[in-house]
**Q** 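I'd like to ask you about the structure that follows.
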Amino acid sequence: YGAKIRAPHALVMTFLFKSGSLREKLKSIAQATFAHSRNLAYFVFTYKGLLAAQARLQRKKIPFHSFLAACIGGWLVFGDNNPINSQIIMYLLSRILFGLARLAVEKGYIPQPKQDPFPLLAALVWGTVLWLFEYHKETLQPSLQSSMTYLYEDSEVWHDLSDFLIYNKRTDSK
């Protein structure tokens, strides 16, 4: 699963934003794919093992087991702050926030919105990220910085249609 998810992403990001030879780019893609796959495999093994151990020790399965097993697995496997783990954690965080908001409505902790809150969320997310990009760029994750630099700064200079199809930073003097 990690290879299925990471390989296409690494391929696109590497060829869009990284310099170097084809060999170096392919090596980078393989390393990112391997790290993502390995970490997911380690986490699943750790999580499932800890779930089984807790259920056996307490002779039943309780909801807290899942939380505890995942916390331990998350600490052990994803606790190293590197680009792969960072991306996975950010991905999960966004999904968690959506899930918790839905759960809060479902349980009645917050009222069902009268209208779809998504347009407001979209506005606040984009307003915040562009403000951070413009005034506090260093606080953003490096791959997000690269993407935003490409979209909002590099796009101010272009040479021909190939700038939009390949990459608009020329290394040769054309």
**Q** Could you go through residues 109-132 and list every donor-acceptor pair under 3.5 Å that involves a side-chain atom there, pairing it with any protein atom two or more places apart or in another chain?
**A**
{"residue": "D116", "atom": "OD1", "partner": "F118", "partner atom": "N", "Å": "3.0"}
{"residue": "T128", "atom": "OG1", "partner": "L124", "partner atom": "O", "Å": "2.7"}

**Q** Within the side chain of T139, is there an N or O that forms a donor-acceptor pair under 3.5 Å with the backbone of H136?
**A** yes
**Q** So, for I84 and A35, which heavy atoms are closest and what is the spacing to 0.1 Å?
**A** CG1-CB, 4.2 Å
**Q** Same cluster or not: are I62 and L57 linked, directly or through other Ile, Leu, Val, Met, Phe, Trp or Tyr residues, by side-chain heavy atoms under 4.5 angstrom apart?
**A** no
**Q** Give me the ring orientation class for F67 and F64: parallel if the planes are under 30° apart, tilted from 30 to 60°, perpendicular past 60°.
**A** tilted
**Q** Can you measure from CZ (R95) to CG (L100) and round to the nearest 0.5 angstrom?
**A** 14.0 Å
**Q** Between OH of Y91 and CD1 of I96, what distance do you get to the nearest 0.5 Å?
**A** 11.0 Å
**Q** Are any of the side-chain heavy atoms of S37 and Y1 separated by less than 4.5 Å?
**A** no
**Q** To the nearest 0.5 Å, how far apart are NE2 in H65 and NZ in K60?
**A** 8.5 Å
**Q** Does the side chain of L68 reach to within under 4.5 Å of the side chain of L50, using non-hydrogen atoms?
**A** no
**Q** Atom CE of M90 and atom CD of Q141: how far apart are they, to the nearest 0.5 Å?
**A** 3.5 Å
**Q** What is the minimum heavy-atom distance between F43 and G74, and which atoms define it?
**A** CE1-N, 3.4 Å
**Q** Ignoring hydrogens, what is the shortest heavy-atom contact between A3 and P8? Give both atom names and the distance.
**A** O-CD, 3.9 Å
**Q** For residues A70 and Y47, report the shortest heavy-atom separation together with the two atoms involved.
**A** N-CD1, 3.6 Å
**Q** Which heavy atom in S28 sits nearest to a heavy atom in T14, and how many Å separate them?
**A** OG-OG1, 4.1 Å
**Q** Return the CG to CD1 distance between L40 and I88, rounded to the nearest 0.5 Å.
**A** 5.0 Å
**Q** Would you call F15 and I29 a side-chain contact if the rule is heavy atoms closer than 4.5 Å?
**A** yes
**Q** Hydrophobic clusters here meaning ILVMFWY residues chained together by side-chain heavy-atom distances under 4.5 Å, can you tell me if V12 and Y150 are in one?
**A** yes
**Q** Looking at Q54, is its backbone amide N or carbonyl O close enough to the side chain of Q58 to form a donor-acceptor pair, meaning the two atoms are under 3.5 Å apart?
**A** no
**Q** Quick check: closest heavy atoms across K25 and G20, and the distance to 0.1 Å?
**A** CE-O, 3.5 Å
**Q** Hey, what do you get for CG (L93) to OG (S86), rounding to the nearest 0.5 Å?
**A** 10.5 Å
**Q** Applying the 4.5 Å side-chain criterion to the ILVMFWY set and letting contacts propagate, would L97 and L92 be lumped into a single cluster?
**A** no
**Q** If the test is side chain to side chain donor-acceptor pair (under 3.5 Å), which one of N85, N82, D80 qualifies with N39?
**A** N85
**Q** Not counting sequence neighbours, list each pair that qualifies as a salt bridge (Lys or Arg N to Asp or Glu O under 4.0 Å) and has a residue in residues 126-151.
**A** K137-E153
**Q** Donor-acceptor check, side chain of E24 to backbone of S21, threshold 3.5 angstrom: yes or no?
**A** yes
